[in-house]
Amino acid sequence: MLAMFMGAIEATIVSTAMPAIVGDLGGFSMYSWVFSAYLLMNAVTVLIYGKLSDLFGRKPILTFGIIIFLIGSILCGIAESMTSLIIFRLIQGFGAGAVMPIATTIVGDIYSKEERAKIQGYLSSVWGISAVMGPAIGGLLVEFVSWRYVFWVNIPLGILAIAGLWFFLHENIEKKKHQIDYPGAILLTVSISALMVVLVEGGTNWPWLSFQAIGLLIVSLGCFILFILQENKAEEPMMPLSIWKNRPIFIANMASLTTGVMLIGISSFLPAFVQGVMERSPIVAGFALTSMSIGWPIASAAAGQLLLKIGFRKTSVLGGFFLIGGSILFVTLTPEAGPLWAAAGSFFVGAGMGLTSTSFIVSIQTAVSWQQRGIATASNMFMRNLGNTIGAALLGGILNSRLIAYIQSSGNQELKDSSLDAANVLLNEEQRNALLPDVKSILQEGLTLSLHSVYMVVLLFAIISFAFILALPKKDLS
């Protein structure tokens, strides 16, 4: 839980500090890469760490990941430019890829199926706590000390986590020489990295049909095909393809991909609606989003009990209903509805995520032996990460194109030649109040319609998730 808290708080605490970091280091144009660099390395390495923990045990691989994460954190805190900060965030992400999947896998190792559900619920609560505490701690550190401490606050947590691991976790690992699948690891890394870069840069810095985007997509696809061929012949494959033939794992992973898209759609764009259209403060926008982080751990804890009483399929179906209910609240969100309506939608989606994610992890860990539990758990986390990245690109593209189309069709000469930056003005109270009433009205209506389109797509993904959940085996795993 300490190790997971260290990784979980990183996301929320850095968001709060970003304006201060940009103010100090400059480089606003590279703003998104501070997040993307971390997520990119996290997504690329998660599967490799999962497999290595199956070969060499959880303890040494998790310890290695935490140490790399802490080195990255120390370096981020002494960064002198935006470029160096992004490079150090890559190092941090390289370590973080080990933390989430292996911490979750350890629970699968040391608890029985009956206990596992409840303990995974406790682990999920770490996300809720970090989402509430992260912005508060980040804000206090930025205001009273320095943004650099936002990165250094992880160091005592990491040291405590390593100490706890080495004192209390006892593993019996079969000592034998392993054939590490180096070609598979390299091909997987290149394939995922190329895809992630296209998803992050495509539609924003590069046109989707640009030479760079198409070239990297071809590289990604080519390396993925070679990776599949390599895995079929490797003695100890990096990603045993057999686990994807296991129906509960395949369905749980596909559903995690779609819920990953939903998650990023809500967390990325809801604050813009509450601040820009409803004209509420950043604190109110934060509250509307934080209710998701309250619903998630409550539902995760409940899932622990429900899994034992009604089984993982019915628990997942219940979570699917919550996801659809929350998405419907977002589709029907209007400027007049107020932030409470948005908060209710967030809470329902959070509850749906808590029920489904806990059910998926427990069912996956029950479906495989110890030797595959690490990679099976990591594959689920990877699919959600991939869903987040696809969602950011897809939903960001929908928002941008709808907003530009609305502004262009408004007939307002002042806005006719403006870019999407015009909408940024809505998020700054002083600049928003300085706008002419008709200009402000057009921008707010455009943002409302654009976000409505985004939430329609989020609802579509909620329905697809539900369809996957219904395909789960009716008989629970023993």
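From a predicted model like this one, the values you see are computed outputs, not experimental measurements. Numbers for residues simply follow the sequence, beginning at 1.
Residues Pro237 and Lys51 approach most closely at O-CE, 2.9 Å, considering heavy atoms. Across all their heavy atoms, Trp147 and Ala79 have their closest contact at CH2-O, 4.1 Å. Contact record, Ile364 with Ala252: CD1-CB, 3.9 Å, taken as the closest heavy-atom pair. Here the closest heavy-atom approach between residue Ile102 and residue Ile61 is recorded as CD1-CG2, 3.4 Å. Nearest heavy-atom pair across Arg148 and Ile78 is NH1-C, 3.4 Å. The heavy-atom pair separating Pro339 from Val274 by the smallest distance is CB-CG1, 4.4 Å.
Without hydrogens or angle criteria, Gln365 side chain to Thr104 main chain gives a donor-acceptor distance under 3.5 Å. Between the side chain of Asn232 and the backbone N or O of Ile228 there is at least one donor-acceptor pair closer than 3.5 Å. In this structure, Ser53 contributes its side chain and Arg58 its backbone to no donor-acceptor pair below 3.5 Å. Remark: the backbone N or O of His170 is not paired with any side-chain donor or acceptor of Lys59 at under 3.5 angstrom. Side chain of Asp54 to backbone of Gly374: a donor-acceptor contact under 3.5 angstrom is found. At least one donor-acceptor pair under 3.5 Å links the side chain of Ser363 to the backbone N or O of Ser359. Side-chain atoms of Ser191 come within 3.5 Å of backbone atoms of Ser220 as a donor-acceptor pair (strictly under, hydrogens ignored). Remark: side-chain polar atoms of Trp152 are paired, donor with acceptor, to backbone N or O of Ile74 under 3.5 angstrom.
Across Leu395, Leu394, Ile266, a single residue satisfies side-chain contact (heavy atoms from CB on, under 4.5 Å) together with Val454, and that is Leu395. Among the candidates Phe461, Phe348, Tyr455, Phe347, the single residue satisfying the ring pair (Phe, Tyr, Trp, His ring centres under 6.0 Å) test with Phe330 is Tyr455. The only option from Val190, Leu187, Ile186 that meets the side-chain contact (heavy atoms from CB on, under 4.5 Å) definition with Phe227 turns out to be Leu187.
Ile298 contributes atom CD1, which lies 11.0 Å from atom CG of Leu355 (distance to the nearest 0.5 angstrom). Between the OH atom in Tyr111 and the CD1 atom in Ile106 there is a gap of 11.0 Å [rounded to 0.5 Å]. Distance CG/Leu40 to CD1/Ile192: 9.5 Å, rounded to 0.5 Å. In this structure, SG on Cys76 lies 8.0 Å from CD1 on Ile91, to the nearest 0.5 angstrom. Of the inter-residue distances, the one linking Arg384 atom CZ with Ser379 atom OG reads 12.0 Å to the nearest 0.5 angstrom. Rounded to the nearest 0.5 Å, atoms CD1 (Ile66) and OG (Ser73) are 11.0 Å apart.
Between Ile469 and Ile251 there is no side-chain heavy-atom pair separated by less than 4.5 Å. Side-chain contact between Ile87 and Leu75 is absent, with no heavy-atom pair separated by less than 4.5 Å. Side-chain contact between Phe468 and Asn253: absent, with no pair of heavy atoms (C-beta onward) separated by less than 4.5 Å. Side-chain contact between Val34 and Met82 is present, with at least one heavy-atom pair separated by less than 4.5 Å. In this structure, the side chains of Ser210 and Ile214 stay at 4.5 Å or more apart for every pair of heavy atoms. Taking 4.5 Å as the limit, every side-chain heavy atom of Ile390 sits out of range of all side-chain heavy atoms of Ile264. Counting only heavy atoms from C-beta outward, the side chains of Met353 and Leu323 approach each other to under 4.5 Å. You'll find the side chain of Val349 stays beyond 4.5 Å of the side chain of Phe322, heavy atoms only.
A donor atom on one side chain and an acceptor atom on the other are not found under 3.5 Å apart for Gln372 and Ser369. Under the 3.5 Å distance criterion, with hydrogens and angles disregarded, no donor-acceptor pair is assigned to the side chains of Thr105 and Arg373. Under the 3.5 Å distance criterion, with hydrogens and angles disregarded, a donor-acceptor pair is assigned to the side chains of Thr63 and Trp166.
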TODO: Tell me, with the steps shown, if Leu216 and Phe211 meet side chain to side chain contact (heavy atoms under 4.5 Å, CB included).
DONE: CA-CA 8 Å; Leu216 279 177; Phe211 171 74; over 6 Å; no
TODO: For Leu70 and Met6, run side chain to side chain contact (heavy atoms under 4.5 Å, CB included): C-alpha distance rounded to whole Å, both residues' side-chain angles, the deciding distance at 0.1 Å, then the answer.
DONE: CA-CA 10 Å; Leu70 293 182; Met6 180 186 76; 4.1 Å; yes
TODO: Go through the steps for Ser81 and Ser84 under the test side-chain hydrogen bond (donor to acceptor under 3.5 Å, both in side chains), then give the verdict.
DONE: CA-CA 5 Å; Ser81 69; Ser84 61; 3.1 Å; yes
Open item on the list: The test is side chain to side chain contact (heavy atoms under 4.5 Å, CB included); show your working for Met292 and Leu263 and say whether it passes.
Closed with: CA-CA 10 Å; Met292 183 195 289; Leu263 200 57; 3.6 Å; yes
Open item on the list: Could you go through Ile9 and Asn154, starting from their C-alpha distance and side-chain angles, then the distance that decides it, and tell me whether this counts as side chain to side chain contact (heavy atoms under 4.5 Å, CB included)?
Closed with: CA-CA 9 Å; Ile9 201 166; Asn154 284 315; 3.8 Å; yes
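Ring pair Phe64/Tyr49 is tilted by interplanar angle, where 30° to 60° counts as tilted.
More than 12 heavy-atom neighbours from other residues, nucleotides or ligands sit within 6.0 angstrom of CZ on Phe466.
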